[in-house]
Amino acid sequence: MSWGSELWDQFDNLEKHTQWGIEYLEKYTKFVKERSEIETNYAKQIRNLSKKYQPKKNSREEEESKYTFCRAFLTTLNELNDYAGQHEVIAENLTSQIVSELSRYLQELKSERKSHFHDGRKAQQHIESSWKQLESSKKRFERDCKEADRAQQYFEKMDADINVTKADVEKARQQAQMRHQMASDSKSDYSAYLQKFNQEQNEHYFTIIPNIFQKLQDMEEKRIERIGVCMTTFADVDRQVLPIVGKCLDGMTKAAESIEPKTDSKQVVESYKSGFEPPGDVEFEDYGQAMKRTASETSLSREGKEKPAGKSKGKLWPFIKNKNKLSLKLGSGPEDFSHLPPEQRRKKLQAKLDELNKDIQKEMDQRDALTKMKDVYVKNPQMGDPASVDPRLSEISQTIEKLQFEVQKFEGWLAEVEERMPSKSDTQRRSLYETQNNTAVSNNCAQDRESPDGSYTEEQNSETQVKANIAPNPTSTTPEFDDEFDDEETLPTIGTCKALYPFEGHNEGTIAVAEGELLFVIEEDKGDGWTRVRRNEDEEGYVPTSYVEVYLETNAKDS
């Protein structure tokens, strides 16, 4: 169907329709632009979410990285970040392939439409002008014919009147002839204008307007085709990233499948194993036989029996009283990691040795490289001065010596720890437990002397103080251990806390609290799940960290 032949008289409606088509294309362009903005914002939010849950650079997050489910979650976050990148690609392609292209096309379309309708209005104005000329010539011809008839009638009247002079009759005759001539001329003009108008009108409605309308039809069909292409592109932009999105999702699935509960359980053992042996059975103390008790005390104090490993520094964890505790919480610990249980200390020392050996190897590689360079300079003096390498070689040698000294120091500590690590077949250690249990003086059962984590807490009576001083811990030769059993100065408060739940505090070293009670915090949770609090000068102890809400003072947080 052709607009030119079917819609020859619908110029105004076509003008409205084509304008609506352009507005519709503008609306579609706006739709794609808004979709692109949504994709951009979505990608930004996904990236921010991924960044928010990325592990921070601290020791706790580094510890978490040892577990398979933590590594799987990290992989998921990284894949999610790549997933966000694909939505950015969608937004970019929508903008470049559709929005930008349609914006340029709209300008061309508006310009083309304006040109076509300008030609159409010009043609309309021309045919209307021609029509007006025809009407004017027609009216003139009609007027001249009437004037000629009146002049003829006047002449005939004068010619019949005997009272009119011959001159007046001649004048009337001439006037009639002139009017007839004018009418004849007007008729010729009207005939010419009519012929011209019919020709122009035929050309207007069968040639000019059809051509203009055909161009408008072509323009409109191209616009519709362009929208179809853009809609296809709209879908293809999404489809193009689906393979990569699928890989991101496959990566998330693979990460989830890599989680190994048994491995993580084993890692918990590796992370928290202290290396201590469980304590032996506690035997019955017969206080009715005073002599036996006295002999037990004498044998412990005078014969210098070793204190069992069950009451060693590690077994007192986490209720060991140590003046260095505060400094350890603040991030500074002994260089030999003596504040840690044997197993954890061994791991820390081994990790330190590995690090030192890597540093030594790195320095040795640099030394070898400089030595080769010096040999090249010796053989080819024009390439450089061999003496210029000596200061750096000397510096590297000193560094290697220092590192080797550090290695020897840490190897000594490691050997000391491995030598004193308990074993399941260590019958002597078990006999020490039995000795400890035979000589222990306490009215409380084993449950009363257990800390919340199952390890033995420090006895607060003077008899235990004597035992600690006479029979030092065989698993530690550092003077720090002796300080554990000295009465420490009152620790300063570092904040306050509010009890969220009631805690009965049956085990020694703990303190009972009521729900909603306010207490002073004197030691933060060091990772064992317990916080040390004080009610007044005489009442202090540990409570589960999960049972309280802690409010640390600003200076305590900063430190």
Side-chain angles (χ1 to χ4, degrees), residues 1-44 85-132 197 199-245:
M1 302 294 288
S2 173
W3 286 10
S5 60
E6 302 292 338
L7 303 175
W8 61 272
D9 56 346
Q10 299 297 317
F11 184 89
D12 293 339
N13 285 333
L14 287 180
E15 185 176 21
K16 293 177 182 178
H17 176 77
T18 52
Q19 177 61 32
W20 172 81
I22 289 177
E23 291 173 356
Y24 195 90
L25 188 59
E26 288 176 336
K27 182 172 72 172
Y28 180 78
T29 303
K30 184 180 179 182
F31 159 75
V32 177
K33 183 178 181 182
E34 291 183 2
R35 162 73 193 283
S36 176
E37 291 172 353
I38 290 174
E39 293 291 342
T40 300
N41 293 332
Y42 177 69
K44 182 179 180 181
Q86 297 312 305
H87 284 274
E88 290 175 341
V89 171
I90 291 175
E92 182 180 348
N93 289 341
L94 287 175
T95 301
S96 61
Q97 298 180 24
I98 298 180
V99 177
S100 298
E101 292 297 323
L102 285 185
S103 297
R104 286 192 293 269
Y105 178 65
L106 275 167
Q107 298 301 319
E108 297 173 359
L109 193 63
K110 290 178 181 179
S111 177
E112 182 181 357
R113 175 183 175 276
K114 182 179 179 181
S115 175
H116 293 329
F117 279 102
H118 174 75
D119 294 341
R121 288 192 185 91
K122 186 176 179 181
Q124 281 188 325
Q125 290 173 359
H126 178 75
I127 197 66
E128 288 173 1
S129 175
S130 181
W131 170 257
K132 288 178 181 180
F197 174 78
Q199 182 180 355
E200 290 180 348
Q201 179 177 250
N202 185 73
E203 184 179 4
H204 175 81
Y205 287 111
F206 290 95
T207 304
I208 297 176
I209 289 298
N211 288 340
I212 293 175
F213 281 11
Q214 185 61 46
K215 292 177 181 179
L216 288 172
Q217 183 178 354
D218 293 342
M219 178 194 76
E220 183 70 4
E221 290 175 356
K222 288 180 181 178
R223 177 190 68 81
I224 297 171
E225 182 182 5
R226 192 63 171 266
I227 288 183
V229 171
C230 289
M231 289 182 177
T232 302
T233 304
F234 184 85
D236 289 342
V237 164
D238 257 344
R239 188 176 290 108
Q240 288 170 1
V241 302
L242 288 180
I244 301 178
V245 170

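The OG1 atom of T233 sits 12.0 Å away from the CG atom of D238 when rounded to the nearest 0.5 Å. Separation of atoms NZ (K114) and CD (Q19) is listed at 12.0 Å; rounding is to 0.5 Å. One distance of note links OG of S100 with NZ of K33; it measures 9.5 Å at 0.5 Å rounding. In this structure, I90 CD1 and T95 OG1 are separated by 11.5 Å, a value rounded to the nearest 0.5 Å. To the nearest 0.5 Å, atoms CG (N211) and CG (D119) are separated by 10.5 Å. Taking CG of L14 as the start and CZ of F117 as the end, the distance is 6.0 Å to the nearest 0.5 Å.
In terms of modelled atom types and a separation under 3.5 Å, the side chain of T29 and the main chain of V99 share no donor-acceptor contact.
Taking the ring centroids of W131 and F197, they lie under the 6.0 Å cut-off.
Scanning all heavy atoms of the two residues, the minimum distance from C230 to I98 falls at O-CD1, 3.4 Å. Between L102 and Y28, the shortest heavy-atom distance links the atoms CD1-CD2, 3.8 Å. What you find for I22 and R223 is that their closest heavy atoms are N-CD, 4.1 Å. Between S36 and A91 the shortest heavy-atom distance is OG-O, 2.9 Å. The two atoms that bring E101 and S96 nearest to each other are CG-O, 3.7 Å, heavy atoms only. Residues F234 and R35 approach most closely at CZ-NH1, 2.9 Å, considering heavy atoms.
For the pair K44/E88, no side-chain contact is recorded, criterion being any heavy-atom separation below 4.5 Å from C-beta on.
For the pairing with K215, the side chain to side chain contact (heavy atoms under 4.5 Å, CB included) check across E220, R113, E112, H116 returns one residue only, H116. Considering Y205, W3, F213 in turn, Y205 is the only one that fulfils the ring-ring contact (aromatic ring centres under 6.0 Å, His included) rule with W8.
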(request) For the pair Q217 and E221, evaluate side-chain contact (heavy atoms from CB on, under 4.5 Å) and give the outcome as yes or no after the intermediate values. (result) CA-CA 6 Å; Q217 183 178 354; E221 290 175 356; 3.3 Å; yes
(request) Could you walk me through whether E34 and F31 pass side-chain contact (heavy atoms from CB on, under 4.5 Å), step by step? (result) CA-CA 5 Å; E34 291 183 2; F31 159 75; 6.0 Å; no
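Residues passing the salt bridge (Lys or Arg N to Asp or Glu O under 4.0 Å) test with E200: none are found, sequence neighbours excluded.
Crowding of Q199 atom CD: a count of heavy atoms from other residues, nucleotides or ligands under 6.0 Å not exceeding 12.
Salt-bridge formation is detected for the pair D236/R239: a Lys NZ or Arg NE/NH1/NH2 atom is positioned less than 4.0 Å from an Asp or Glu carboxylate oxygen. Salt bridge E23/K27: absent, no basic N to carboxylate O contact under 4.0 Å.
A donor and an acceptor atom, one from each side chain of D218 and Q214, are located under 3.5 Å apart.
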